2 protein chains.
Amino acid sequence: MITKIRLLIVDDHLLIRLGLVTIFSDQPDITVVGEASSGRMAAELFAKTRPDVVLLDLKMPGLSGVETIKLLQEQSAAVCVVVLTTLDQEEEIFRALEAGAQGYLLKDMRKEDLVEAIRAVHRGERWIAPLAGARLAERLVRKELSDRELEIVKLLVHGKSNKEIASALSLSEDTIKWHMKNLLEKLGTHDRTQAAVIAIQRGIVKI
Amino acid sequence: MITKIRLLIVDDHLLIRLGLVTIFSDQPDITVVGEASSGRMAAELFAKTRPDVVLLDLKMPGLSGVETIKLLQEQSAAVCVVVLTTLDQEEEIFRALEAGAQGYLLKDMRKEDLVEAIRAVHRGERWIAPLAGARLAERLVRKELSDRELEIVKLLVHGKSNKEIASALSLSEDTIKWHMKNLLEKLGTHDRTQAAVIAIQRGIVKI
DNA sequence: CGTGATATCCCCAAAAATAGGGACAACGCT
DNA sequence: AGCGTTGTCCCTATTTTTGGGGATATCACG
């Protein structure tokens with residue numbers, strides 16, 4: 001091993017950062033060149049340390065994980081990002097990959113998988129945690145929501161009736177009904193309450 | 001300091017365990033006597049190591065945090081438990097305290113607060129993270145759901161209609177309507193979809 | 001130029017929300 | 001022991017909301 005993989009850790013939780021540093025300090029081929037607790041700090045440290053790989057928590061206060069990825073890409077189009085998160089926000093998996101993440105790890109993974117993922121993305125490969133991959137596969141067979149439907153499902157989750165949604169969006173109630181019909185079908189249910197629950201589960205709407 | 005505080009760490013996430021161990025290894029008055037990754041393992045290690053304080057993640061696969069607290073209390077009624085978790089499951093705060101937790105910490109806390117909380121509960125005090133405390137205060141001004149209402153709201157979240165709920169609980173649809181009316185009022189809404197969302201937010205129903 | 005997303009209108013049956021009414025058992029409190 | 005409270009249950013109404021159908025026009029995009 002001639003040069004070590006230079007790793008930047010970004011997570012707002014001190015505990016997680018400490019755990020990660022501990023894990024990687026045992027690896028002969030990886031060196032942690034920086035720790036950031038926010039997206040802005042990540043951008044600063046990225047410029048300063050020029051890491052090979054950025055290990056990034058998706059769920060952060062302030063700048064979100066996806067926004068952070070985009071910010072880093074402005075600095076270097078070739079930035080290699082591995083996302084680290086829990087699986088509770090399914091929509092975020094997709095958004096992160098769309099934004100350019102090379103790897104997707106879950107916080108309850110084994111140590112070996114964590115370091116192997118870093119090595120894999122450094123080799124230019126993708127590395128997606130099996131459970132996250134399963135969600136992606138599900139996505140492929142599912143329909144995307146249109147922008148309008150997205151607006152409506154958000155209001156739905158906030159307890160608005162069709163009439164209230166119509167008023168909020170300056171549309172007729174019938175139009176809302178039409179969208180709602182399609183929405184229910186796309187979410188695989190016949191019930192608006194269930195649709196709201198599914199939207200929350202999938203991270204389509206954040207609460 | 002004559003004797004160190006003997007601490008048992010229970011968390012299914014390796015990363016969190018590593019982070020915690022790192023933090024406490026810097027403290028002269030605290031020694032980590034064991035690490036468990038599940039409730040069952042916690043019970044075993046508790047018997048073996050007899051710690052002064054147990055630092056316990058609420059959200060674990062298998063035995064839940066609350067169940068683990070109860071299991072530990074069977075071994076020693078005086079067990080001193082500090083709960084460590086995120087704030088997404090509000091109901092769990094209350095359940096954990098009810099089950100006998102002495103402290104409540106959030107995973108994004110500063111190092112100083114973490115160790116101070118351990119010391120506080122070891123002195124016999126309670127230590128509740130400010131944000132968790134705020135939720136508890138909210139609870140006091142809110143009405144509790146009855147057992148029946150709890151059953152109904154669970155079925156509601158799973159997309160059941162009043163008729164389906166009636167059938168599932170062997171009640172008349174009218175009775176369900178009556179409960180639903182009270183349920184909506186207690187949850188502070190006039191809309192069943194919103195009620196489902198609120199129930200999820202508060203952790204009343206797990207999804 | 002076709003396709004898809006958007007928007008509007010009509011209609012209809014089912015479901016839900018709201019409003020009355022009454023009944024009974026369990027509970028703590030005075 | 002009597003009292004009020006609470007939770008449970010049931011019934012009858014009416015009105016509103018929802019879910020589903022079809023028909024049609026616009027408008028942007030490739």
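So that the names make sense, note that chain A is the first sequence line, chain B the second, and so on, each numbered from 1. Since the model is a prediction, treat every value here as computed from it, not as a measurement.
- Arg148(B) contributes no side-chain N or O that, together with a main-chain N or O of Ile176(B), makes up a donor-acceptor pair within less than 3.5 Å.
- Protein atom CD of Glu164(A) is 13 Å distant from nucleotide atom P of dA17(C), rounded to whole Å.
- The side chain of His179(A) lies closest to dT6(C) when the candidates are dA15(C), dC10(D), dT6(C).
- Lys163(B) comes within 4.0 angstrom of sugar-phosphate atoms only, judged by non-hydrogen atoms across all strands, and of no base.
- Closest to the side chain of Arg192(A), out of dC10(D), dT18(D), dA15(C), is dT18(D).
- Taking atom CG on Asp191(B) and atom P on dT17(D), their separation rounds to 11 Å, with Å as the unit.
- If you take NE2 of His190(B) and P of dA17(C), they are 12 Å apart, rounded to a whole angstrom.
- In terms of modelled atom types and a separation under 3.5 Å, the side chain of Asp52(B) and the main chain of Arg6(B) share a donor-acceptor contact.
- In this model, no side-chain donor or acceptor of Lys181(A) finds a partner on the base of dG20(D) within 3.5 Å.
- In this structure, Asp174(B) reaches the bases: a heavy-atom distance under 4.0 Å links it to at least one base atom across the strands shown.
- Between dT17(D) and Ser161(A), no contact under 4.0 Å exists linking OP1 or OP2 to a side-chain N or O.
- Comparing dC9(D), dA16(C), dG7(D) against the side chain of Glu173(B) picks out dA16(C) as the nearest.
- Summarising the geometry, the separation between NZ on Lys160(A) and P on dA17(C) is reported as 16 Å, rounded to the nearest angstrom.
- If you check dG19(D), dG20(D), dC10(D) against the side chain of Met180(A), the one that comes closest is dG19(D).
- In this structure a side-chain-to-backbone donor-acceptor pair under 3.5 Å is missing from Arg17(B) to Gly19(A).
- A donor-acceptor contact shorter than 3.5 Å links the side chain of Gln73(A) to the backbone of Ala99(A).
- Between the Gln27(B) side chain and the Phe24(B) main chain, no donor and acceptor come within less than 3.5 Å of each other.
- Side-chain proximity of Ser172(A) to dC10(D), dT8(C), dG7(D): nearest is dT8(C).
- Rounded to an integer number of Å, the gap from Glu185(B) CD to dA17(C) C1' is 13 Å.
- Out of dA16(C), dG21(C), dT18(D), the shortest distance to the side chain of Asn162(B) is found at dA16(C).
- In this entry the distance linking CH2 of Trp178(A) with C1' of dA25(D) reads 13 Å, nearest Å.
- Note on Ser146(B): only backbone sugar-phosphate atoms sit closer than 4.0 angstrom, heavy atoms only; bases stay farther off.
- With rounding to whole Å, Lys177(A) atom NZ is found 16 Å from dG22(D) atom P.
- Rounded to whole Å, atom P of dT18(C) lies 12 Å from atom CG of Leu183(B).
- For Ser170(B) and Leu184(A), each mapped to the nucleotide of DNA chain D holding its nearest heavy atom, the one lying further toward the 5' end belongs to Ser170(B).
- At the heavy-atom level, Asn182(B) lies nowhere under 4.0 Å from the strands shown.
- More than 12 heavy atoms of other residues, nucleotides or ligands shown are found within 6.0 angstrom of NZ on Lys206(A).
- Here the side chain of Leu171(A) is nearest to one of dT18(D), dC9(D), dT8(C), namely dT8(C).
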